[in-house]
Amino acid sequence: MTQSRPEGAPQSGTSSAASSSVSSRVASGRSSPARSGRTRSGGRRPAPDVVRDLAFDILCGVVEDRRMLETTLERHPGGDGRDRAAAHRLAATALRHMGTIGEILQPFLKREPPAPVRCALILGVAQLLYLDTPPHAAVGTIVDLLRRRGLAPFTGLANAVLRRVAREGETLREGLDEARLDVPPWLWSAWGPRARAITHGFYREAPLDLTLRPGAEVPQEGTLLPTGSVRLPPGTRMTGLPGYEEGQFWAQDAAAAMPVRLMGDLTGQRVADLCAAPGGKTAQLAHAGAAHVTAVEREAPRAARLRENLARLGLGNVEVVEGDALSWKPQQPLDAVLLDAPCSATGTLRRHPDVLWNKRPRDVKALAETQDAFIDAAHEMLKPGGKLLYAVCSLQDEEGPDRIAKALASGRWALAPFTPEELASMPEARTQEGYFRTHPGLWEDRGGMDGFFAARLVRK
């Protein structure tokens, strides 16, 4: 689990009908209407451009401060919905192709420019090579961006470099192993044989997946997947769909919806969802026939969001506990625990390409230690024979199979492998050990999925 995954909340983005408008705002260089003027010295004053300014802030935040893309987007006060969606698309495109863009820029730079200037150049190349922006618009918007940000001495460099990329960039791309370049070496090595398939999967914009409450109708334009999730085109805005206000569905990637379905029969059982916000899996548990569901969330804002999402879905009977799952104790031993553990979130690359550049190997090591602590805490919550469903939206072995191996080595757990019958709707996700494991390259013909790992343990 990661702190920014909006399973049960509205997804950012535009409706399908507005997708072309978002694309055109990036491609043409348009933003919200604004007028340019002239400075006192007679020079041209660049017009405001919310799309480029916001995309620039997002990219600089990731590159310079390892800040999450969504954090900058949420904190930025300007722009209407279409401008913000276009800025998100521009920044995400730059992040997905940043390794290749750096390789293309290298011959044109005699010395490394300051980090903000490099970020501006990356946005310019992303517009030219990946978003079909006309050269005059791609070059002009970046030159104006540098002027607005007090970087006017670098406008000549940007103008010269981007014009050369416009002329030669496609030729320079020939022969490049873009998939390899666009993944930091430590991640490529960690992913092993899956690396190329993962990378090809994350280049694509993610569709919107929904989990329906029992009896709800499939929304128009939705496709029912073999697993029971419903998939709509990329850019679909969930809050605009009929049935949203009535709580007929919630946003949840098809892979993320599987762990609860793999917990087995929960009828009449007492179950806890640890690290529960934003509440997609909690809602699944509540609809699965459990006698009592407790959702535990440590952070107050996320707990409030969890309550709001459950209220929209009409699930006021779920007990929400605002507390630390590492120390929380149920009033009586539980039959089952769902642990969607805090993790590196490398499996969410399609929606969060910033993860590529703001995570480090040491982060994974620290998270693995925390995951062990959560598994130990879950052991104390369960009655003998009780089930733990451990899950992470991570592609890293250290956060998946390695954690289960350590838990089994303790002698306090037994593995209950997922059977072929349980994963009949997604057989490619079942590993030899009986784990559930996906990555963005699976279901390529259907639009892919997030990377997820899950395993089922039984307390001895």
Side-chain angles (χ1 to χ4, degrees), residues 1-7 66-68 70-71 186-187 190-191 255-256 259-260 272-282 294-303 305-306 320-330 334 336-349 352 354-382 386-413 415 435-437 450-457 459:
M1 177 177 174
T2 182
Q3 298 299 312
S4 64
R5 210 164 46 253
E7 272 182 4
R66 295 177 60 199
R67 189 185 307 131
M68 297 175 67
E70 297 293 342
T71 300
W186 75 274
L187 279 173
W191 294 343
V260 171
D273 181 7
L274 309 184
C275 312
K281 295 179 180 65
T282 305
T294 303
V296 184
E297 178 54 52
R298 183 182 64 181
E299 298 180 15
R302 290 173 59 78
R305 183 174 168 193
L306 171 63
V320 177
V321 173
E322 189 176 317
D324 191 342
L326 290 173
S327 56
W328 176 75
K329 297 290 190 297
L334 300 171
V337 168
L338 171 65
L339 170 57
D340 185 4
C343 71
S344 63
T346 51
T348 66
L349 289 169
H352 305 286
D354 49 300
V355 171
L356 281 169
W357 308 107
N358 63 21
K359 298 297 182 184
R360 301 289 186 272
R362 62 178 177 270
D363 299 327
V364 176
K365 181 179 179 181
L367 285 162
E369 294 173 358
T370 302
Q371 291 151 7
D372 288 340
F374 274 108
I375 291 173
D376 290 342
H379 189 275
E380 300 306 309
M381 301 174 192
L382 288 165
K387 295 179 293 186
L388 168 65
L389 198 295
Y390 173 84
V392 284
C393 56
S394 171
L395 298 166
Q396 312 312 115
D397 287 349
E398 300 95 322
E399 299 182 273
D402 291 359
R403 302 280 53 80
I404 301 304
K406 184 172 182 179
L408 294 173
S410 72
R412 304 200 301 165
W413 298 96
L415 179 67
Y435 302 146
F436 171 79
R437 199 168 197 188
D450 282 352
F452 236 85
F453 172 89
R456 186 172 53 201
L457 298 175
R459 177 183 169 169

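Quick note: residue numbers are just sequence positions, from 1. Excluded from the calculations below are hydrogen atoms, water molecules and symmetry mates; all remaining heavy atoms, backbone and side chain alike, are included. On a predicted model such as this, the values are computed, not experimentally measured, just so you know.
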> Do N358 and R67 have side chains that approach each other closer than 4.5 Å (heavy atoms only, starting at C-beta)?
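No - every pair of side-chain heavy atoms lies 4.5 Å or more apart.
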
> If we only count heavy atoms from C-beta on, is the L408 to L457 side-chain gap below 4.5 Å?
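SC-SC contact between L408 and L457 confirmed.
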
> In Å and rounded to the nearest 0.5 Å, what is the OG1 to CG distance from T282 to D340?
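Here the rounded value is 9.5 Å.
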
> With a 4.0 Å cut-off on N to O distance, would you call D376 and K406 a salt bridge?
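No salt bridge links D376 with K406.
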
> Any idea which heavy atoms bring Q396 and R437 closest together, and the distance?
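Minimum heavy-atom separation between Q396 and R437: C-NH2, 3.9 Å.
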
> Looking at every non-hydrogen atom in both residues, tell me the closest pair between L339 and C275 and how far apart they are.
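That closest heavy-atom pairing would be CD1-SG, 4.4 Å.
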
> Can a donor-acceptor pair be found, under 3.5 Å and without considering hydrogens, that links the side chain of R459 to the backbone of G386?
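It does not hold such a pair.
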
> Answer yes or no: is there a side-chain heavy-atom contact under 4.5 Å between K359 and W186?
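They are in contact (side-chain heavy atoms under 4.5 Å apart), so the answer is yes.
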
> Any idea which heavy atoms bring R302 and A277 closest together, and the distance?
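R302 and A277 have their closest heavy atoms at NH2-O, 3.0 Å.
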
> L356 vs L349, test: side-chain contact (heavy atoms from CB on, under 4.5 Å). Steps then yes/no.
CA-CA 7 Å; L356 281 169; L349 289 169; 3.6 Å; yes

> Only one of L395, T370, V392 clears side chain to side chain contact (heavy atoms under 4.5 Å, CB included) with C343; which?
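Result: among L395, T370, V392, V392 is the only option passing the side chain to side chain contact (heavy atoms under 4.5 Å, CB included) with C343.
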
> Starting at NZ of K387, measure out to CG of L382 and round the result to the nearest 0.5 Å.
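Separation between the atoms: 10.5 Å.
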
> Check whether any side-chain heavy atom of F453 sits under 4.5 Å from a side-chain heavy atom of S394, and report yes or no.
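Counting from C-beta outward, F453 and S394 never come under 4.5 Å.
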
> Between R298 (side chain) and D324 (backbone), is there a donor-acceptor pair under 3.5 Å?
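No, R298 side chain to D324 backbone: no donor-acceptor pair under 3.5 Å.
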
> Heavy atoms only: give me the nearest L367-P342 pair and the separation to one decimal.
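Looks like CD2-O, 4.0 Å.
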
> Between S344 (side chain) and V364 (backbone), is there a donor-acceptor pair under 3.5 Å?
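Looks like no, no N/O pair under 3.5 Å.
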
> Would you name the heavy atoms of A325 and M381 that are closest together and state the gap between them?
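It is O-CE, 3.2 Å.
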
> Nearest heavy-atom pair of A407 and W413: which atoms, and what distance?
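Smallest heavy-atom distance, with atoms named: O-CD1, 3.5 Å.
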
> Rounded to the nearest 0.5 Å, what's the gap from CZ on R403 to CD on E369? Could you check?
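The CZ atom of R403 sits 8.5 Å away from the CD atom of E369.
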
> Answer yes when D273 and K281 have at least one side-chain N-carboxylate O distance shorter than 4.0 Å, and no when they do not.
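A salt bridge is absent here (no side-chain N lies under 4.0 Å from a carboxylate O).
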
> Any donor-acceptor pair under 3.5 Å linking the side chain of R360 with the backbone of W357?
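Indeed, once roles are kept as given, a pair shorter than 3.5 Å links the two residues.
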
> Determine, stepwise, if the pair L415 / Y435 fulfils side-chain contact (heavy atoms from CB on, under 4.5 Å).
CA-CA 10 Å; L415 179 67; Y435 302 146; 3.9 Å; yes

> Show your reasoning for whether side-chain contact (heavy atoms from CB on, under 4.5 Å) applies to H352 and E70.
CA-CA 8 Å; H352 305 286; E70 297 293 342; 3.8 Å; yes

> How long is the straight-line distance from CG of L338 back to OH of Y390, given to the nearest 0.5 Å?
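That separation rounds to 12.0 Å.
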
> I need the E299 CD to L306 CG distance, nearest 0.5 Å.
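If I round to the nearest 0.5 Å, the distance is 12.0 Å.
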
> L274 and L326: side-chain contact (heavy atoms from CB on, under 4.5 Å), yes or no, with the steps?
CA-CA 9 Å; L274 309 184; L326 290 173; over 6 Å; no

